[in-house]
Amino acid sequence: MYYFHKKAKKEKIKFIRFNETTKVSFRLKKVFVLFSVFACGGGCIFTYGLYKGKYNLNIEYVRDMEVTAHRGSSIKYPENTMRAFREAKKEGADWIELDVQETKDGKIIVLHDKNLKRITGIDKKIWKASYEEIKDFDVGSFLNEEFKDERIPLLEEVIRWAKNNNMKLNIELKPSGHEKDLEKLVIEIIKDMDFTKDCVLASQKYEVLENIKNYDKNIKTAYVMSIAYGDLLSFKAADQFSIEASSINENLVKMLHREGKHLYAWTINSEDGIKKMLDLKVDNIVTDDVVLAKKIIYTSKTSNLINEYIRLVENLFQ
């Protein structure tokens with residue numbers, strides 16, 4: 001083409017003699033023709049695939065789905081402990097879900113059960129114990145003796161760590177019916193520690209969310225539901241919804257997204273379950289297995305466009 005352009009402009013090419021009689025060989029022409037036929041056929045197939053939505057046009061399609069570590073990394077480490085939270089961070093969790101309760105003396109501790117027996121072996125109810133009484137209890141040996149030094153953390157302790165590690169917290173309030181100011185104390189802690197923008201306060205009791213909004217309407221809330229029932233949009237105190245995975249369907253996700261509300265799906269530990277939630281486009285997966293969830297989400301980021309195109313070309317030339 002260089003030579004042809006030079007000739008068209010009537011420019012001389014010094015020291016190079018251009019042979020105008022050069023012909024393309026018959027064999028090379030045949031290759032060109034075959035390639036054109038394959039390209040035409042492949043292009044038609046590929047275009048039809050695009051039309052049918054088989055291929056993702058984005059080379060790197062980044063999903064917005066986040067992963068929440070349920071009670072921290074609670075498969076290998078004792079739930080709701082600093083060790084579980086640190087390991088969840090290492091595993092790549094975007095959020096950590098934890099449970100909080102109020103002790104007899106008004107301290108907000110991180111613990112799921114209303115009774116300490118399952119975790120510590122000591123039959124003692126939280127609302128009947130002061131923090132001083134229980135702060136040295138071993139809450140790790142129930143899982144493995146190597147965690148015998150783990151203790152019940154205060155909410156302030158976890159928030160301090162989260163701020164230093166850029167971690168967001170899903171704080172579920174677990175009222176027992178015996179606390180005095182659970183919502184107020186939790187709100188005071190997150191506001192005093194300037195953490196309101198990096199957490200969501202959740203509860204299975206809707207009245208807890210109403211109390212939170214009465215204290216401060218700007219605090220983000222999530223309604224935790226085992227079954228998605230009734231008109232969810234009537235729950236005005238819920239900014240987001242955390243729903244057990246088997247109750248989630250495409251219509252529910254679309255309805256909440258239209259209203260600008262996020263949807264957390266819990267608690268999903270299987271590959272099929274995580275893939276299903278990916279297909280449904282939920283916003284956040286709550287899981288005990290952060291590594292598995294992150295792996296599946298990561299592999300879903302890469303478009304299938306290139307892989308499908310390479311496979312198509314290989315099939316054409318086989």
Side-chain angles (χ1 to χ4, degrees), residues 56 58 61-74 88 91-100 112 162 167-174 190 196-210 212-213 217-301:
N56 175 8
N58 295 317
Y61 174 61
V62 181
R63 294 176 183 257
D64 293 326
M65 182 176 293
E66 295 180 304
V67 174
T68 295
H70 182 232
R71 305 181 197 173
S73 181
S74 54
E91 291 171 354
D94 303 294
W95 290 72
I96 288 175
E97 186 271 346
L98 54 89
D99 308 284
V100 295
H112 179 270
M167 181 61 67
K168 297 178 180 180
L169 299 181
N170 180 335
I171 304 169
E172 183 174 346
L173 283 69
K174 309 285 285 188
I190 64 172
T196 54
K197 293 181 180 180
D198 295 305
C199 70
V200 58
L201 300 188
S203 182
Q204 293 186 38
K205 292 193 175 182
Y206 183 67
E207 55 266 33
V208 170
L209 305 186
E210 292 180 312
I212 291 170
K213 288 297 186 181
K217 64 180 182 180
N218 295 316
I219 292 176
K220 290 178 289 186
T221 59
Y223 193 10
V224 183
M225 308 179 75
S226 298
I227 301 174
Y229 62 90
D231 179 11
L232 299 190
L233 300 181
S234 66
F235 298 111
K236 301 298 182 182
D239 299 316
Q240 302 169 13
F241 288 86
S242 183
I243 300 175
E244 199 277 322
S246 62
S247 291
I248 297 174
N249 56 48
E250 185 177 0
N251 290 333
L252 175 64
V253 175
K254 288 182 176 179
M255 182 266 291
L256 291 177
H257 283 176
R258 280 197 302 268
E259 297 298 319
K261 297 180 182 293
H262 285 189
L263 176 59
Y264 297 75
W266 58 271
T267 300
I268 311 166
N269 297 320
S270 70
E271 182 173 345
D272 288 343
I274 294 169
K275 287 181 176 178
K276 180 181 178 181
M277 293 303 108
L278 273 168
D279 291 338
L280 289 175
K281 296 181 174 60
V282 304
D283 303 286
N284 196 307
I285 288 178
V286 183
T287 180
D288 297 317
D289 196 338
V290 173
V291 174
L292 176 64
K294 277 291 182 177
K295 178 183 177 181
I296 294 172
I297 293 173
Y298 176 78
T299 55
S300 76
K301 286 182 179 180

Reported [atom1]-to-[atom2] distance for the pair [X] and [Y], which is rounded to 0.5 angstrom:
| X | Y | atom1 | atom2 | value |
| --- | --- | --- | --- | --- |
| T196 | D198 | OG1 | CG | 8.0 Å |
| H257 | L252 | NE2 | CG | 9.0 Å |
| Y223 | I243 | OH | CD1 | 10.5 Å |
| K205 | L173 | NZ | CG | 11.5 Å |
| I248 | L263 | CD1 | CG | 4.5 Å |
| L98 | I171 | CG | CD1 | 5.5 Å |

Do [X] and [Y] have side-chain heavy atoms sitting under 4.5 Å apart?
| X | Y | result |
| --- | --- | --- |
| N170 | N284 | no |
| I297 | K294 | no |
| D289 | I274 | no |

How would you list all residue pairs meeting side chain to side chain donor-acceptor pair (under 3.5 Å) that involve residues 237-246, not counting sequence neighbours?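 Sorted pair list: K213-D239, T221-D239, Q240-Y264, E244-S246.
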If I compare all heavy atoms of [X] with all of [Y], which pair ends up nearest, and what's the gap?
| X | Y | answer |
| --- | --- | --- |
| I268 | G273 | CG2-C, 3.5 Å |
| V290 | A69 | CG2-CB, 3.6 Å |
| K261 | F241 | CD-CE1, 3.7 Å |
| A265 | M277 | CB-SD, 3.6 Å |
| L280 | N249 | CD2-C, 4.0 Å |
| H70 | V286 | CB-CG1, 3.9 Å |

Show which side-chain atoms of residues 229-236 pair as donor or acceptor with protein atoms under 3.5 Å away, not counting sequence neighbours.
{"from": "D231", "atom 1": "OD1", "to": "L233", "atom 2": "N", "distance (Å)": "3.2"}
{"from": "S234", "atom 1": "OG", "to": "D231", "atom 2": "O", "distance (Å)": "2.5"}
{"from": "K236", "atom 1": "NZ", "to": "L233", "atom 2": "O", "distance (Å)": "3.3"}

Go through the steps to decide whether D99 and R71 satisfy the test side chain to side chain contact (heavy atoms under 4.5 Å, CB included), and finish with yes or no. CA-CA 7 Å; D99 308 284; R71 305 181 197 173; 3.8 Å; yes
Tell me every residue that passes side-chain hydrogen bond (donor to acceptor under 3.5 Å, both in side chains) with [X], counting only those two or more places apart in sequence or in another chain.
| X | answer |
| --- | --- |
| K276 | none |
| E207 | none |
| N269 | T287, D288 |
| E250 | K254 |

Can you list the steps and then say if L256 with D283 is a side chain to side chain contact (heavy atoms under 4.5 Å, CB included)? CA-CA 11 Å; L256 291 177; D283 303 286; over 6 Å; no
What's the verdict on side chain to side chain contact (heavy atoms under 4.5 Å, CB included) for I219 and I190, showing C-alpha distance, side-chain angles and the deciding distance? CA-CA 10 Å; I219 292 176; I190 64 172; 4.1 Å; yes
Looking only at atom types and distance, does a side-chain atom of Y206 sit under 3.5 Å from a main-chain N or O of A237, one as donor and one as acceptor?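 Yes: the side chain of Y206 pairs with the backbone of A237.
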